[in-house]
Amino acid sequence: MKNTYVALAVFTTLFSSYAQEQNKSNDAIKDTKIEEIVIYNQRLQLPSSLKNRNITFINKEQIKQLPVSSINELLSYATGVDIRQRGPFGTQTDFSIDGGSFEQNILLLNGQKISDPQTGHNSLNVPIPLEAIERIEIVRGPSARLYGVNSLTGVVNIVTRNPKQDGLFANTYIGSSFKKDKEGDHGELYNNRGIQLGGTLVREKDNHMLFGSHDSGNGTRYNTAFHNNKIFYQGNYTPNENNAIMVLAGHARSSFGANGFYAAPGDKESKEIVSTSMVNLSSRHYLSDRFTLLPSVAYRYNFDDYRYFRHNLDKARSRHYSHAITTNVRGEYLADFAKISFGGEMRYEEINSTNIGDHSKSNYGLYAEMQREFFDKLDVNVGAYVNYNSKYGWEVFPGIDASYSFNDHWKATFNAGTASRIPSFTDLYLDQRPGNIGNPNLLPEKAYQVEIGGKYVNKGFRAEAFAFYRDIDDFIDWIRVDTTVPYQPYNASKNKTKGFNTALKYKLGNQSEYWDLGLSYTYLSPKIENKAEDKISKYAIESLRHQLVGTVNYTYNKLSATLANRFNERISYKSYWLTDVRVNYNMNKYSVYLDAQNIFDTTYIEAGAVPMPGRWFMLGIKYNGL
């Protein structure tokens, strides 16, 4: 712990001293600006996309610098995003935003929904490699006006690259904790290894990406071995300047020991296999100088095979087959007085399961919104989403975003939004006695949120701060009276959350030598009302209260080194620090990297009864000709 405080002190000292050097470095960094990014968003193509909203970006430069090998690990460096891993190295992960549950957000791929309809536990089982990602966007707060139901606390949007040249990619690595298995599972050093291959093909009117990977390891403790296989394809076709088509397809299969995942200590011999396939098709058509049409369709298939006794498949085995298809037709019209966006959405979900049963549901949505600037300073975006669900009927979700630019550096923002979360198939129909049973009488969760904030950008420096209040009615919590009865979900309470988050980024230096400094902090104060004191809650008290992420990257010619510190404190768990390091050396198209994760060997738990890996080292070699 002492070493961790020393590392944080070093970070703080570096940040402070280099901040004082900003004026001296103006000439060197005058072309190094932290700019607003234009987001790939099929609704409104605004500068920085929803520029009035609280959005966290993870760009490709950060992805390259951080000591991570999966999307799951990458998201743990985004403040406000709570990553709760059960398995190591991206095996299985829940994610939530600003104190919500893992069911209260949605996952997007280039603006299309790819969330799992059975359970949020499986949503991040996706085949997208880090090398195919341009950036990740986290839109915080209720977003039904933009993305429909289930975006109750926000959305995570993965944006893929648009390749510009032919090229090949290869990455291989090995890792270990250098600790030996003492429980007799295999008697070896705990280790992992992986190989990733990919390539791009670029022609005049089309381009293509294809990636494949295999990752495996014997775990970090008894019965936590894993095998992950993924393949991903993306194709872009542009027949002319007015039309563009994108095709995405992928498959991911993960097999892992599930010791302590859901029902510790009885599930010591459990195993789980999750297999996910997806196909997405979207297009953009400029029908005139003013009118754009954006149709899309996305399909996700998921197979979840949970084996309570991995050596006895005839007993306590659960198999779930789920399908989800989402179609959209969207339009944008640039009128003289404003930009108008409108469209419709349909989502069909189906499950066939040994302990959930056979069920389906349909959801239909219509939306319209208007964006207009006043006096070249005030930007207002207002609209509503009308939703019909085959089980719950009609709902309306209005919302408004606004920003005011005082000058080129300062901007104030305000947004107010509403959202709803439809109970999942697991919430409604699960029958996994004696552990958990569903409740078919559940109602949707409903939320509204108000947020104010401000942003400052000046050359290599960016700062922002936001404060919000969120109220969730009919909050769904899994509760039970005592340990002799199953957990069951109820609309048992109201969840009120006050929160504050801030972020600083600072870049200085020149092209051959520079520093990237980042510091972000989130504070959450949730309050559960109408909660029965004699009930045991499964999820309500597990959210974060404090979260701090600090990163320092130093790059000198071919050498790059990153130090990352993370601090988490949950309402129901002790606080802990995690410190990670990556050192990378580039040799033209080749690079060698060394990752040291959790270097102070902190003991901690993120979900269930699963101790997370202690100190872990990985050595890798990459060839990147993309």
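Side-chain atoms are counted along with the backbone in the values below, which use heavy atoms only and exclude waters and symmetry mates.
When only modelled atom types and interatomic distance are considered, Thr579 and Asn565 share a side-chain donor-acceptor pair under 3.5 Å. Defined by atom type and a distance below 3.5 Å, a donor-acceptor pair is missing between the side-chain atoms of Asn125 and Asn302. Remark: the His285 side chain and the Ser283 side chain contain an N/O donor-acceptor pair separated by less than 3.5 Å. The closest side-chain donor-acceptor pair between His227 and Ser216, if any, does not fall under 3.5 angstrom. No donor-acceptor contact under 3.5 angstrom links the side chains of Gln65 and Tyr77, judged on distance only.
Just one residue in the list Leu107, Leu248, Leu124 forms a side-chain contact (heavy atoms from CB on, under 4.5 Å) with Ile114, and that residue is Leu107.
A pairwise comparison of heavy atoms in Thr56 and Thr79 identifies OG1-O, 4.4 Å as the closest pair.
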- Between His208 and Arg203, is a side-chain contact (heavy atoms from CB on, under 4.5 Å) present by the stated rule, with each step listed? CA-CA 9 Å; His208 309 267; Arg203 298 188 294 188; 4.1 Å; yes
- Trace of the side-chain contact (heavy atoms from CB on, under 4.5 Å) decision for Lys558 with Ser591: CA-CA 9 Å; Lys558 298 179 179 181; Ser591 63; over 6 Å; no
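Taking a 6.0 Å sphere around CZ of Phe291, one finds it holds more than 12 heavy atoms contributed by other residues, nucleotides or ligands. For CG of Asn588, the number of neighbouring non-hydrogen atoms (other residues, nucleotides, ligands) closer than 6.0 Å is 12 at most. Heavy atoms of other residues, nucleotides or ligands lying less than 6.0 angstrom from CG of Leu559 number more than 12.
Ion pairing between a basic and an acidic side chain is recognised when a charged N comes within 4.0 Å of a carboxylate O; Glu349 and Arg347 show such pairing. Classification of Arg582 and Asp595 as a salt-bridged pair holds, one side-chain N sitting under 4.0 Å from a carboxylate O. Using a cut-off of 4.0 Å between Lys/Arg side-chain N and Asp/Glu carboxylate O, Arg566 and Asp580 are scored as salt-bridged. Remark: Lys271 does not engage Asp305 in a salt bridge, criterion side-chain N to carboxylate O under 4.0 Å.
Side-chain contact between Ile83 and Glu73 is absent, with no heavy-atom pair separated by less than 4.5 Å. Here the side chains of Ser213 and Lys230 are in contact, with some heavy-atom distance below 4.5 Å. Side-chain contact check for Phe102 versus His121: some heavy-atom pair is nearer than 4.5 Å. Counting only heavy atoms from C-beta outward, the side chains of Leu626 and Arg161 approach each other to under 4.5 Å.
By the 6.0 Å and 45° rule, Lys622 stacks over the aromatic ring of Tyr593.
When ring centroids are compared, Phe261 and Phe256 come within the 6.0 Å threshold.
Proximity of a side-chain donor or acceptor of Ser177 to a complementary backbone N or O of Arg615 within less than 3.5 Å is not detected.
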